[in-house]
Amino acid sequence: MDKLDYWGLMINDYKGGIFLPKRKRESSLTQIEKRIKEGRGQGYLHDYIPWLLIQDVPSSGRATRIRGWKTNRIHHVHSDLERSYYYILEWSDIVTDIREQFPLLPIEETLSIAEELNIKHPTDPKSTQPIVITTDFMISVGNREIARTIKPSSQLDSHRVIEKFEIERRYWAKRNIDWGIVTEVDIPKILIQNIEWVHKERHNEDVHHLGPYIVSGIEKIVLENLSDAHTSLASATSIADDKLGLEPGTSLAMVRHFIAAKRWKVNMSKPILPSQPLDEIIIENEQLRNSAMGG
């Protein structure tokens, strides 16, 4: 029995309250089969492909493609709130894999749960066909997996939203996987702003182009100038650019790299602004710290 037969048999066996005309049913099954063959919702880390790419659905905010630190693949986030939570997962040292738009398959299982609850299964608004439900993030923490759904707090009092949540909750409960809801209330805004500011510099190509001698020179000059509590980050990095003959902005981008790579540890609960001094810098590498401080 191939996958098409499997999916088709299960759909045909379904006795729930959602009637699918034969033509639409075949279309729905064809789409599911096509996505499975594409590898959607399968794999880990770099090999994972989300069930829904941003071009597949209209977003409620700014849909974004982001190259991941942990996976080195393009992540598809469908809203500003999803992007903010994604940044938290990227920053966390205990999260080892992030799989967004994870499908709740087989669809017959969520159809069955909806039938048990006597509620309507989510459908495509145009075709009215049942759609595969997805959980926004499947998160790996070592060998443990955690499922999280992202939703604005303003929608939590919606009866229909709660019905959909109950389908998700029961699906994950059957698998003994911790499922929960994250709203904007749970997301620290300043932390997100800081991570967003440094994120793209994690893999700064200048680290290789400039070489370790220049990179350590930038670090030393910037730290020496930041030891003056009245010197802004922009001034300290500008001085480094001038002294080393670098293009303006090179040293500031390198500082963003140091923070993103956690080579520098700074207070991420305070806004990082180039126009302001950057204090509370911790450099754990003793040799690096001594060199930067002139030791």
Side-chain angles (χ1 to χ4, degrees), residues 1-16 18-59 63-68 70-79 82 86 89 96-116 120-140 143 145-150 164-165 167-177 179:
M1 180 181 296
D2 59 23
K3 286 183 177 177
L4 179 61
D5 291 338
Y6 171 76
W7 293 104
L9 176 62
M10 295 299 285
I11 284 285
N12 288 335
D13 284 345
Y14 173 61
K15 305 298 183 184
I18 300 173
F19 171 73
L20 294 178
K22 184 177 180 181
R23 189 170 180 178
K24 287 186 175 180
R25 184 174 64 213
E26 290 173 348
S27 174
S28 176
L29 294 174
T30 299
Q31 184 188 61
I32 292 173
E33 182 201 23
K34 179 174 180 290
R35 289 185 175 175
I36 290 173
K37 285 183 176 178
E38 291 173 350
R40 303 272 194 109
Q42 302 167 49
Y44 293 87
L45 296 167
H46 185 269
D47 295 330
Y48 176 76
I49 303 174
W51 185 258
L52 296 174
L53 307 178
I54 62 174
Q55 60 266 32
D56 294 328
V57 292
S59 65
T64 311
R65 295 181 178 90
I66 310 173
R67 180 165 292 282
K70 300 177 189 294
T71 65
N72 194 31
R73 68 171 174 83
I74 300 298
H75 290 260
H76 292 242
V77 293
H78 294 250
S79 70
E82 286 185 21
Y86 167 81
L89 299 177
T96 53
D97 194 9
I98 305 168
R99 289 175 289 167
E100 71 276 20
Q101 295 301 317
F102 193 89
L104 277 56
L105 291 172
I107 190 172
E108 295 76 19
E109 187 169 336
T110 55
L111 285 167
S112 176
I113 294 172
E115 183 183 20
E116 291 170 6
K120 181 182 178 183
H121 191 278
T123 58
D124 182 290
K126 291 184 178 178
S127 67
T128 70
Q129 299 173 69
I131 58 173
V132 173
I133 299 174
T134 60
T135 289
D136 294 317
F137 289 101
M138 175 62 77
I139 306 155
S140 297
N143 294 326
E145 292 188 326
I146 298 170
R148 289 291 181 267
T149 292
I150 314 301
K164 294 177 183 176
F165 283 167
I167 296 174
E168 272 190 270
R169 189 192 70 77
R170 292 196 181 202
Y171 178 90
W172 291 119
K174 288 183 177 180
R175 289 160 173 75
N176 293 318
I177 289 179
W179 172 81

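Not measured: the values here are computed from a predicted model.
With hydrogens and angles disregarded, a donor-acceptor distance shorter than 3.5 Å links the side chain of T96 to the backbone of S140. A distance-only check finds no donor-acceptor pair linking the side chain of R73 to the backbone of H46 [under 3.5 Å]. R40 contributes no side-chain N or O that, together with a main-chain N or O of I49, makes up a donor-acceptor pair within less than 3.5 Å.
Counted by atom type alone, Q42 and R35 present zero donor-acceptor pairs between their side chains at under 3.5 Å. If you check the side chains of W179 and T149, you find a donor sitting under 3.5 Å from an acceptor. Using a 3.5 Å distance cut-off with no hydrogens or angles, the side chains of Q129 and T123 do not pair a donor with an acceptor.
Using the six-membered ring where Trp is involved, W172 and F102 have ring planes that are tilted, between 30° and 60° apart.
Side chains of H121 and I107 form a contact here, defined as non-hydrogen atoms less than 4.5 Å apart. Residues V77 and I66 meet the side-chain proximity criterion, which asks for heavy atoms closer than 4.5 Å. In this structure, L104 and E109 have side chains that are not in contact, with every pair of non-hydrogen atoms separated by 4.5 Å or more. With contacts defined as side-chain heavy-atom distances shorter than 4.5 Å, the pair I177/I146 does not qualify. In this structure the side chain of K70 never reaches within 4.5 angstrom of the side chain of D97, judged on heavy atoms. The shortest side-chain heavy-atom distance between H76 and R65 falls under the 4.5 Å cut-off.
Under a 4.0 Å N-O distance rule, the pair D136/R99 does not qualify as a salt bridge. E168 has no carboxylate O lying under 4.0 Å from a charged side-chain N of R148, or vice versa, which leaves the two without a salt bridge. A salt bridge is absent between R170 and E115; no separation between the charged side-chain nitrogens and carboxylate oxygens falls under 4.0 Å.
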I would like to know whether E33 and E38 meet side-chain contact (heavy atoms from CB on, under 4.5 Å); could you show each step before the answer?
CA-CA 9 Å; E33 182 201 23; E38 291 173 350; over 6 Å; no
For side-chain contact (heavy atoms from CB on, under 4.5 Å), just list the numbers for E145 and M138, CA-CA rounded to whole Å, side-chain angles, deciding distance to a tenth of an Å, and then say yes or no.
CA-CA 7 Å; E145 292 188 326; M138 175 62 77; 3.9 Å; yes
List the steps, then state whether side-chain contact (heavy atoms from CB on, under 4.5 Å) holds for I167 with I133.
CA-CA 9 Å; I167 296 174; I133 299 174; 3.7 Å; yes
Verdict with supporting geometry, F137 and E82, side-chain contact (heavy atoms from CB on, under 4.5 Å):
CA-CA 9 Å; F137 289 101; E82 286 185 21; 4.3 Å; yes
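G43 approaches Y48 most closely through the heavy-atom pair O-CD1, 3.5 Å. Heavy-atom minimum distance, Y86 versus G68: OH-CA, 3.1 Å.
Annotation for K34: atom NZ does not count as buried by contact number, only 12 or fewer foreign heavy atoms lying within 6.0 Å.
Q31 CD to I131 CD1: the interatomic distance, rounded to the nearest 0.5 Å, is 9.0 Å. Here L53 contributes atom CG and E100 contributes atom CD; the two are 9.0 Å apart, rounded to the nearest 0.5 Å. Remark: I32 CD1 to L105 CG distance equals 7.0 Å, nearest 0.5 Å. A distance of 14.5 Å separates OH in Y44 from OG1 in T71, rounded to the nearest 0.5 Å. Residue L52 holds its CG atom at 5.0 Å from OG1 of T134, rounded to the nearest 0.5 Å. D56 CG to W51 CH2: the interatomic distance, rounded to the nearest 0.5 Å, is 10.0 Å.
Annotation: cation-pi pair R175/Y171 present, NZ/CZ under 6.0 Å from the ring centroid and within 45° of its normal.
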